[in-house]
Structures are given as C-alpha cells and as structure tokens.
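To keep things clear, I will list the structure first and then write my remarks on it.
Every chain is numbered from 1, with letters handed out A, B, ... down the list of sequences. Scope of the values below: all heavy atoms of this structure, side chains included, with no hydrogens, waters or symmetry mates.
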Amino acid sequence: MTTMSDPPRESFRLSQLIYDTRYRSLTIQVVATILLAVMIFWLINNTVQNLAALGKDFDFGFLGQRAGYDINQRLLEYSSASTHGKAALIGILNTLLVAFLGCILATVLGVIAGVLRLSSNWVVARLMAVYVEGFRNVPLLLWIIAIFAVMTESTPSPRDFREGGSASMMLGDTLAVTNRGVYVPMPVWGPGSWVVVVVFLLSLVGIFAYRRLARKRQEATGQILPVFRVSLALFFLPAILAYFVMGGPVSLNYPELGGFNFDGGLHLRNSLIALWLALSLYTGAFIAEIVRGGILSVSKGQTEASFALGLRPNRTMNLVVLPQAMRVIVPPLISQYLNLTKNSSLAIAVGYMDARSTLGGITINQTGRELEGMLLLGAFYLVLSLAISGVMNIYNASIKLKER
Amino acid sequence: MSDTHAQTVRFVRQEMMPERAPPIREAGAVKWLRENLFSSWLNAILTLVSLYAVYYILSHVLPWMVFGIWDANSLTECRAVRDELYGENASVACWAVLADRWQQLMFGFYPSEFYWRPVLAVVVFLVALGPILFSGFPRQAIWFSAASPFLMYLLLWGGTIWGPLVVIVGFVIGVVAFQLLAKVAGNIVGGLASIILPILFWLFAAGPLASALAAALPIGLTFVPSDDFGGFMLSFIIGIAGITLSLPLGILLALGRQSDLFIINKVSVAFIEIIRGVPLIVWLFTASLLLNYFLPPGTNFDLMLRVIIMVTFFASAYIAEVVRGGLAALPRGQYEAADALGLDYAKSMRLIILPQALKISIPGIVNTFIGLFKDTTLVVFIGLLDPIGLSNAIRATTDWNGIYWELFVFIGLLFFICCFGMGRYSLWLERKLQTGHR
C-alpha cells in the first residue's frame, strides 16, 4: 500500500537562508562581504578625516624632491643632492646586497653545520649542536649588537697599523681589519677588461650546455662523460687565457695606510660586516636543522638499496640520497632566505642604510610622509617575498612526487 | 654417532674456557674514543681542531666569567677592585652591574614597592599554565586558568577591581544567552546572540557600570601606567599575550584559507600573505606611526597594546600557515569520515580534524612561539624599554658607561633558557602524543 503524495511545494522561507546548506554559504559570504566593506570604508574614512585634520594630503611627489642626507654605503652614484626616490633605491639595493651575501654565507654555514651535526665524531657533533641551539634560542637583535660591538670594540684602530703599532695587515698585507671596517683589495677594471668578463660569462653558459649534453648522452647511450673535471676547466681556463691575451687588464688596488686612515682598496663598513655575519650565523643555525632533517628523512633502505645495485658512495649520494633530500630541504630553505631578507631590516640596530633606514626612516622624518613612506616600504617587502614564494611554488611543482 | 666420532678426534675439551676480557681496543674508553673520535684520519683532525677551538674559547671565557667581580657600585670601582685582585688589565667580568641593576632589567621602571605584584602575576601564570600544559592536574583547575588573565591584568596594571569583573560578566552573559536561546531558537540564533549581546554589553553598559561600582565600592590596587613597564616583564607580557591570542586567531585564519567560501578564502589569503610578507619591524613602526590614522580622530591608545595587537597579527599569520600544513597533511578520508558521520562543520573540525591537525603542527607552532618571544626585543626601536633598551639605558649612565658583555650575556642567557625550555616542551609533547607505529 503506497500513498503517493505530491512533492512538497518549493517555497522559499527566510529561515532557509540559515538552515539550508544550499543557501547558508551564500548568506555567510554576503554577511562577510558587507562587514568587510563596512570595515574598509570605516578605515579609509578615518584616514581621510585624520589627514584632513592634520592638513596633509596623500601624494607621492616627495620622491622627486631633494633628499639632503648622505648615505655612506651605496652601490650607485648618490649624493645629498639626489632625490628621495634615489635614496630609496640605494636603500633597496643595500637591503638586497646584504640579503644576497647573507643567503650565500648562511647556506655554506648551514650545510656544513647540518652535515657535521650528523657526524659520528662526538666532539664535532656536540659542538655543532651548541652552535645551532645557541643561535636559534637567542634573539637575532642581540647577536647583531654583540657582533657589532666585537667589530668596533676589539679590533685595532687604523693608527695601530703604523710602523711599530700593535696591529698588522693579514694575508700578505692585502687585508686590514680595523674598527672602522674591513679593507680588502679592490679590482680595477682597465680598458679591455670587458672581454674577460664576457669570456667568463660565455664559459658559464658553456658549462651549463655541456652538462645538459652529458646528461642527454648518458640517458641516450649510457655513456658517462667526465662532467666535473671538464666543468672545472671550463670555469677557469677561458677566462685566464683571455686575461693574458688582453695583457692583464684587471688589476687589484690594495689598501694602504695613509695618514690616519686607509686609502684605496674596498672599504667594507662594520655595519655591513656585523649585519652580514649575524644574519648568516643566525639563519645558518636554522638551515643546519633543515639540512639535518632532510638527510635524516631519506631512509637508510635507500642507501642500502643503491649499494646493493653496485653504486659507489659518491654516486649514491648524488643520484639517490641528495635528490630525495633536496625535496625536503629546498622549500623551508627558501623560506629561510625570505626570513633572512626580512630580518635584514634589523639593520637599524647598527646604522646600516637599508630600505627601512632610508625610505622608512630618514625620508619619513624629513618629509613627514609616514603613510606614503610606510606603504611604499611595505609594498617593496611584499613584492620581494611574493616573488620569492612564487619561485618556490614553481620549484615545488617541478619536484613534486609524480603519483599516478 | 657421537661415540664413534669421539674416538676419531684426538682431543676434546672437557670444561669451558674462562671468559677473557675483550682486547683493549674493543672495550671501554679506548673503544669509545676509537669509534667516536678517531675512526679515520679526517675524523682525528676534526677532533683535534674542534678540541682546540673549545679549549681556546673556554680558556678565554671561563676565567672571565668565574673571576668576575660582583661587589662594586660603578665600572670604575669595578676596575679598581680588579686591579687590586688580578693586576692591571686582567680580563674579568664586572657582574656588579647585574647585582646593582637586576631589578631594572627585570621590571623596568615599575615602582619598587609594588615588585610583589609582577612576581605574584608570574606565580599565577605558572599555576594557570599547569592544567593547560600537563594532563595530571584536576580538571577544575582549568577554571582558574580561565580567570587568570583578568587576575594578571589586575596585578600588573592595578586600578579598580570592577573593570576586569565587568568584562568577565560580559562573558557570562554570552554563555547564559547561548544556553537559553539555543534550546528555544536553535544553535545558530544562540551562537549569534552569544556574540552580539556581550559586545553590546561591553560597548554600552560595561563602562558606566564599572565606574558606578568603583564609585560605590572602591576596591583595587594602585594604578601603574604602561610607561613604567620594562625589562623582562615587558617581554613576558608581550610574548605571553601574543602567544595566547595568536593561536586561536591563527587557527581561524588557517580554516578560512582552507574554506570553500570564496570571500572568506580570499580575505584569509590576503591577510596571511600581506602580514607575512612584511618584516615585523615595519609593522611595529606602522603601529607606532600610523595606527592613529586608521582610527577615529582623537583616539589614542596605549603603545603597548598596539604592539601586542601587531605582534599577535604577525604571529597568527605564521601559525595559520603552520596549521594549514597540518590540515593539508591529514588524509582526505578523515574529512570524508567526519561528513559520513553526519557531523556539521563546527563539530567535524572540533572533534575530528583539528585535534589531529594541531598535533601534527605542534613543532611548527612552538617554533612560531619561540620566534615571537625572541621578536619582542624589536620593540626597543619604537621606544619601549625591553631588556635591550634597558641595557642601552644602563650603559648611558655615568656609573656603567662602557659595559657591554655582562649585560648581553645576562639577557642572552635568560632568553636562551625560555626559548630552549619551550623547544624541549614541544619535543616532550610530540613524543607523548605520538600514536603512530614507527
């Protein structure tokens, strides 16, 4: 006995907006949008009112005005007559410089410390554990200030380098560590030196092409070409040959003591060195943990299997362990690079003129444009980190396990 | 068989040989040394080099620390004592600066007659932490933990007792409204009421009520303004407040980022990426320079509160990413199982998904907390007197002009103890919660 009844008449009741899952998500989104719009309107309205009350406008014209302050550390030509925009550019380049140097040194330190922490050598492993824990658990700011204090307090002043002084230059009179900074030899690019540079760049391209060729050959025929030795030769020989063919156009300008200070050479300021070392040591400790975790994540069975296949230890490392470890290591490694770049804004502690000190510091103080300055500064860092994480996403996609 | 065999063999030993000691190379300290320190030439060189490094560092640092001078009133006095005891220019620490100024390093310029209040707040904090961190406590103790923020606020800032009490009343109103309305009109109406009613209460009724009560019954502690806060007390307040507030916010953001709702998803993504993409120091400058632009004209609130808000936002964006990793690591089947059981979104998250996802993300969350606590030192740049700021202030006095390392070592050591302790706790928790078979 079946009783047929009409299907319930579709009528829309208001309560369906809340209780019917078909409509509920819509309700939530509409409410969220309204709340968001109200909040944004409220913030903008407040800002406009506050700006009006202070008699300020919203204008980026100050970037074209004369800056009127000096920047002692610069990669491009700059003087106090340059514009605020130029000063911001100098600061941004300085941020990128210390971030770049820091990433390289941090990677080197981190890889060494991470591998040595896994060493069977008890003393070395403990020493590296102390390094890692010590740097990870103490604020970076403290390390920057401490290293800066070492650089300025316990290094000799330039006048100690004079005859009969207590200090002497290192590495065959080419390098001087003073309390005003480190002086290193500076390359002088004579006429014709561009040929050497071009040859060097071409040989880099050559190395890359050769490696691809070798890999293609190996995949096609199984024949293994000697990659490392040829790459090494390609790296050095053409550039050295070009150097001598052109008659030695590149020479070094050594720092020399003249009067109360050093002349010539490249002057690396203490602020840069201290910031660089502190950032590298600090980030290196984190990278060491990442490297250690990556190596441990490759199970022992993989190594044993590759030995069983008859691969030699270095091939096992290169072909079996490293590719798998890199998949674990690289994403957090890149986010550490990102952290290092953002942490370089602590340059304020040592007076290094980075983007925050020029654009977000002196420029704001001189022009009174807090809103615009901070917006630009935030946008710079945001673009930088979005770019880096974009690269990371591409890399992640390329090394993702291809599961089928 | 064995009988015949016994005849063919010329000699069979009748008794066991006594056990002999293993060769020296394979036992005890020598074996350990061979295996751990001198297993190859490279290892031997590494060992010697690192032993020399350890010796070099310790030979400089240990005498400096151990022979340090504790009893002096200024750096010059310290040097005089040193010259007398160890001769000219001996390198020894002058710990006297800590003996002289440790109260300042701990409490900043908090009035010294009220030092018992922050100390009591720390005790309250530790007691309240117990039921949250360890499972061995009685369950009722969690109520004390819930009340502890108000108690700590009262102890630290002082003022009338009615302010915190009225805030608590708001929470009670929320709970009661939910209990009553949920039965009559369903969970959703009850939930909305439990959010809206307390907010209305705090906005309109709380202020007059608190001042009326304070006028009628003036009970309370002497008020201490935020400007007097400093030293490790400041770091702890910012750190603890940031940690407590950023965890729930971070979880909400992570859920928002995983959500299918377009607007919610995009807002969460934008919030997380913008906050994470910009250094904390820029956010702190924003808090000190710009926040007043975004608020109604004439509002001006405490710099410390602004810093706490910024630090909370910053940490919650990082926690959101960590939790998102945990959510993504859960097998799809867990989500489907929760749906199959007929649980709604809130229940499936609360009972099935989040407990597992949070367990996976414990190391990352604690690392974020450690980072947050270390980052509290950055407030020195916007004029708050954290330990590093106070070390600058102490160095600026005539008595202690020129003292560096003693203060750095002390500050570094205290931070190290806290951060290392948090890291160890996370390792312990990870092991305790581990249910997989490895």
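Looking at A/Arg136, A/Gln336, A/Arg117 one by one, the single match for side chain to side chain donor-acceptor pair (under 3.5 Å) with A/Glu289 turns out to be A/Arg117.
For a residue to count as touching a neighbouring chain, one of its non-hydrogen atoms must lie under 4.5 Å from one of that chain's; by this rule A/Ile388 does not touch chain B. For A/Leu371, the parts lying near chain B are the backbone and the side chain together; criterion is any non-hydrogen pair under 4.5 Å. Residue B/Leu261 touches chain A through both its backbone and its side chain, counting heavy-atom pairs closer than 4.5 Å. Neither the backbone nor the side chain of A/Ala379 comes within contact range of chain B; no heavy atoms are under 4.5 Å apart. Residue A/Asn45: no heavy atom, backbone or side chain, is found under 4.5 Å from chain B. If you measure heavy-atom distances from A/Val130 to chain B, you find no contacts under 4.5 Å at all.
Between chain A and the options B/Phe416, B/Phe415, B/Tyr404, heavy-atom pairs under 4.5 Å are most frequent for B/Phe416. Considering only heavy-atom pairs separated by less than 4.5 Å from chain A, the leading option among B/Val380, B/Leu413, B/Asp260, B/Thr377 is B/Thr377. Contact tally against chain A (heavy-atom pairs below 4.5 Å) for B/Phe294, B/Phe373, B/Trp283: the top residue is B/Phe294.
Taking the six-membered ring for Trp, A/Phe286 and A/Tyr282 have ring centres closer than 6.0 Å.
Using cut-offs of 30° and 60° for the angle between ring planes, the B/Trp32 and A/Trp122 rings count as perpendicular.
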I'd like to know whether B/Val311 forms a side-chain contact (heavy atoms from CB on, under 4.5 Å) with B/Asp375, so could you lay out the CA-CA distance, the side-chain angles of the two residues, the decisive distance to 0.1 Å, and finally the verdict.
CA-CA 9 Å; B/Val311 167; B/Asp375 281 345; over 6 Å; no
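A donor-acceptor pair is defined here as one N or O able to donate and one able to accept, closer than 3.5 Å; such a pair exists between the side chain of A/Gln29 and the backbone of B/Phe262.
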